[in-house]
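Have a look at the structure below, then the notes.
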Amino acid sequence: MRDLDSFEQNSHQDLKFLFVVDINYFYKIMNICCIGAGYVGGPTMAVIAKKNPSIEVTVVDINAERIAQWNSDVLPVFEPGLDEIVKSVRDKNLFFSTKIDEAILKADIIFVSVNTPTKTYGVGAGRAADLKFVELCARRIASVVDQGKKIIVEKSTIPVRTAESIKAVLAANSSGAEFQVLSNPEFLAEGTAIADLENPDRILIGGDTTPEGKAAVETIVSIYEKWVSRDRILTTNLWSSELSKLVANAFLAQRISSINSISALCEATEAEVDEVALAVGRDSRIGPKFLKASVGFGGSCFQKDLLNLVYLSEHFGLPEVAEYWDQVIKMNDWQKKRYGQKIIQSLFNTVFDKKIAILGFAFKKDTNDTRESAAIYICKDLLEEQAQLSIYDPKVEGEQVIEALGLQEDEGNLLGVSVVNDPYEAAKDAHAIAILTEWDEFKALDFQRLYDNMVKPAFVFDGRNLLDINRLRKIGFEAYGIGK
Ligand code: NAD
Ligand code: UDX
């Protein structure tokens, strides 16, 4: 055991030398455990395992079905490129298991990548992040580990200062072990997860500024350094790292709400939102990304993390800050509502018993994830008006659609929902087509064929500005985009 007191007395230069040369002195990395085999845990650990053949990575979960899927030919997460990577490392140095305690005990580093949804009960309901799963992980780690050193890495997105609670839980419940708690938020976006993981804009690692904290941070740096250049790996204090993740998502969501607010103004003025976005985004200070007007942002992160930021701002006595970010969510809610209303108004103010083809149900293309998808809200609004929905998505299963809409399995038909496997079937005898996800395959549909088999006048509502509206109008469609 190294004498930490004499260690602390070393000059800064000496410390640096020690950390660089002797990085594995404190933590010899051989074994990683990741708790949570979801959209983040699975892909992230697959890439870490692939890039670090000498490290054994075990991903564990309480959900046995999910673990079985990770061990099967049909993975629970659809991501371009994911299958190949998992197949290349699974059962070599990547393992999926339900033996959580065993994996925790064996690991030198434990990533916590469990879900942190918006709280639905008690104080902060509807806004604060529910940290019960994170806390359960900390308690489980503490109950299992009673000796040695382990690095605990917050991979989940959590409110700023969560590490404090994790440290407290660990300290109060473990007898002889030493823990370093780090923050290493994940910035991947679904649909491009593998590309984002393999070529990240940055890796962010936050830790304590003590020698042990710094050593732990450098240990995690050494894992990423296998494929990410050092200048893209940012190391900060714990709180900056925790907060940066929420702020990054808030800024991205803010851009979408900004352009979506302008889409409404475009519709009132004959300006075209895609042209405005192009012109505005060409300013290098603004940049072209995340300026695509849409039916509203969805996904498991943006709304949840914005709500969390709003809640935190209020908690820290900053109501003006809270209100500022809350408006980003309100604008998104309004955009989703506005789109549903546009459909109803255009269909002569009633969709009662009218068949509407919903093309796309995932919250974005190239994913099977439907969490907080704008499609859910729009479908619910249309069902409220007693429309008949025929839903097609290339990657989302029928069961998942029914569940996302909050229906019982046999309730779908009763309430006017059918989920089909073919876009032409969805649109047959329909009054309107609503494009809700920007799947590439929708661009290649035979719109003449769709038109020929629809009730006239036939409408298209392109909620993603995916299609050539003028071409659709030439076919005979009443066609509407967003912000045009
Ligand atoms: P997910 O719901 O897909 O996966 C979480 C998994 O954790 C589930 O399989 C669940 O069974 C498991 N779990 C929960 N409690 C557990 C426990 N006590 N022990 C073992 N397993 C447990 O969630 P996700 O989308 O992977 O997100 C995980 C975290 O990463 C969240 O905090 C999220 O905000 C953040 N994040 C998500 C994305 C994304 O695009 N999905 C991107 C960046 C960050
Ligand atoms: C987001 C962040 O991008 C990612 O960095 C973070 O780690 C997790 O949250 P994700 O939610 O997976 O990723 O997808 P993203 O590409 O950000 O899209 C979110 C939503 O915004 C989707 O519904 C998408 O369709 C919508 N969107 C995105 C727009 O409406 N317009 C845009 O210009 C971009």
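Counting begins at 1 with the first residue of the sequence.
Using a 4.0 Å cut-off between a side-chain N of Lys or Arg and a carboxylate O of Asp or Glu, R127 and E314 qualify as a salt bridge. We find that E178 and K150 are not joined by a salt bridge, their nearest charged nitrogen and carboxylate oxygen being 4.0 Å or further apart. Between R338 and E267, at least one side-chain nitrogen of the basic residue sits less than 4.0 Å from a carboxylate oxygen of the acidic one, meeting the salt-bridge criterion. Residues D333 and K337 are not paired through a salt bridge, judged by the lack of any N-O separation under 4.0 Å between the basic side chain and the carboxylate. In this structure, R230 pairs ionically with E218, as a charged nitrogen and a carboxylate oxygen lie closer than 4.0 Å. For the pair K106 and E56, the salt-bridge criterion is met [side-chain N within less than 4.0 Å of a carboxylate O].
Heavy atoms from other residues, nucleotides or ligands lying under 6.0 Å from CZ of F316 number more than 12. Around the CD atom of Q327, the shell of radius 6.0 Å holds more than 12 heavy atoms that belong to other residues, nucleotides or ligands. Taking a 6.0 Å sphere around CZ of F187, one finds it holds more than 12 heavy atoms contributed by other residues, nucleotides or ligands.
Here the closest non-hydrogen pair linking N115 and F133 is O-CD1, 3.3 Å. Here the closest heavy-atom approach between residue L182 and residue G207 is recorded as CD2-CA, 3.7 Å. Residues V114 and C137 come closest through the heavy atom pair CG1-SG, 3.6 Å. Of all non-hydrogen atoms in I85 and A46, the two that sit nearest each other are CG2-O, 3.7 Å. For the pair F78 and N368, the tightest heavy-atom approach, listed with the atom from each and the gap, is N-OD1, 3.3 Å. Closest non-hydrogen pair, K99 versus S97, comes out as N-OG, 2.8 Å.
D108 is not listed as a side-chain neighbour of I32, based on a closest heavy-atom distance of 4.5 Å or more. Two residues are said to be in side-chain contact when any heavy atoms from C-beta on lie closer than 4.5 Å; V321 and E323 fail this criterion. Counting heavy atoms from C-beta on, the side chains of I104 and R140 come closer than 4.5 Å. Using a 4.5 Å heavy-atom cutoff, the side chains of L307 and I329 are in contact. Within the 4.5 Å cutoff, side-chain heavy atoms of N260 are placed close to those of S294. Looking at L246 and V160, their side chains never come closer than 4.5 Å, going by heavy atoms from C-beta outward. Between V57 and I55, the closest side-chain pair of non-hydrogen atoms falls below 4.5 Å. Considering only heavy atoms from C-beta on, E154 comes within 4.5 Å of T162 through its side chain.
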- Message: Show, in sequence, the C-alpha distance, side-chain angles and deciding distance for Y121 and D130, and conclude whether the side-chain hydrogen bond (donor to acceptor under 3.5 Å, both in side chains) test is met.
- Response: CA-CA 9 Å; Y121 53 89; D130 192 341; 2.9 Å; yes
- Please assess Y377 against N332 for the test side-chain contact (heavy atoms from CB on, under 4.5 Å), listing each intermediate value before the final yes or no. CA-CA 11 Å; Y377 293 87; N332 196 49; over 6 Å; no
- Task: Run the numbers on R161 and E164 for salt bridge (Lys or Arg N to Asp or Glu O under 4.0 Å), then give the verdict.
- Result: CA-CA 5 Å; R161 297 205 76 88; E164 207 164 37; 2.9 Å; yes
- Task: Would you check, one step at a time, whether the test side-chain contact (heavy atoms from CB on, under 4.5 Å) holds for I110 with I141?
- Result: CA-CA 9 Å; I110 302 163; I141 293 167; 3.9 Å; yes
- Dump the intermediate steps for salt bridge (Lys or Arg N to Asp or Glu O under 4.0 Å) on K149 and E212, then the final yes or no. CA-CA 11 Å; K149 294 173 175 176; E212 298 92 327; over 6 Å; no
- Show the numbers, then the answer: is there a side-chain contact (heavy atoms from CB on, under 4.5 Å) between L278 and D274? CA-CA 6 Å; L278 180 71; D274 287 340; over 6 Å; no
- Might you work through the side-chain hydrogen bond (donor to acceptor under 3.5 Å, both in side chains) test for S263 and Q335, ending with a clear yes or no? CA-CA 9 Å; S263 75; Q335 185 78 347; 3.1 Å; yes
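Between the side chains of Y39 and E79, no donor-acceptor pair is found at a separation under 3.5 Å. Between the side chains of Q254 and Y324, at least one donor-acceptor pair of N or O atoms lies under 3.5 Å. Looking only at atom types and distance, the side chain of Y339 has no donor-acceptor partner in the side chain of D381 under 3.5 Å away.
One N or O on the side chain of W70 and one on the backbone of A37 form a donor-acceptor pair closer than 3.5 Å. Of the possible polar contacts, none joining the Q386 side chain to the V351 backbone as a donor-acceptor pair under 3.5 Å is found. Between the E242 side chain and the A163 main chain, a donor and an acceptor come within less than 3.5 Å of each other. The main-chain N or O of V134 is never found under 3.5 Å from a side-chain atom of R139 such that the two would form a donor-acceptor pair. Formation of a donor-acceptor pair under 3.5 Å by the R371 side chain with backbone atoms of G299 is not found in this model. A distance-only check finds a donor-acceptor pair linking the side chain of K119 to the backbone of V123 [under 3.5 Å]. When atom types are taken as modelled, the side chain of K304 and the backbone of A129 share no donor-acceptor pair closer than 3.5 angstrom. When atom types are taken as modelled, the side chain of T437 and the backbone of F363 share no donor-acceptor pair closer than 3.5 angstrom. S156 contributes no side-chain N or O that, together with a main-chain N or O of I158, makes up a donor-acceptor pair within less than 3.5 Å. Judged by distance alone, with hydrogens and angles left aside, the side-chain atoms of S174 form a donor-acceptor pair with the main-chain N or O of V145 at under 3.5 Å.
Put simply, OG1 on T98 and CZ on R66 are 14.5 Å apart, with the number rounded to the nearest 0.5 Å. Put simply, CH2 on W439 and OG1 on T367 are 7.0 Å apart, with the number rounded to the nearest 0.5 Å. Here the straight-line distance linking atom CG of L252 with atom CG of L306 works out to 10.0 Å at 0.5 Å rounding. Atoms CD1 and CD, from I220 and Q180 in turn, are 10.5 Å apart once rounded to the nearest 0.5 Å.
Y480 and F461 have parallel rings, their planes meeting at less than 30° on a 0 to 90° scale where 60° marks the start of perpendicular.
Relative to the ring axis of F111, K155 does not place its NZ or CZ within 45° and under 6.0 Å from the centre.
Tested against V181, the residues D208, V153, L170 include a single side chain to side chain contact (heavy atoms under 4.5 Å, CB included) partner, L170.
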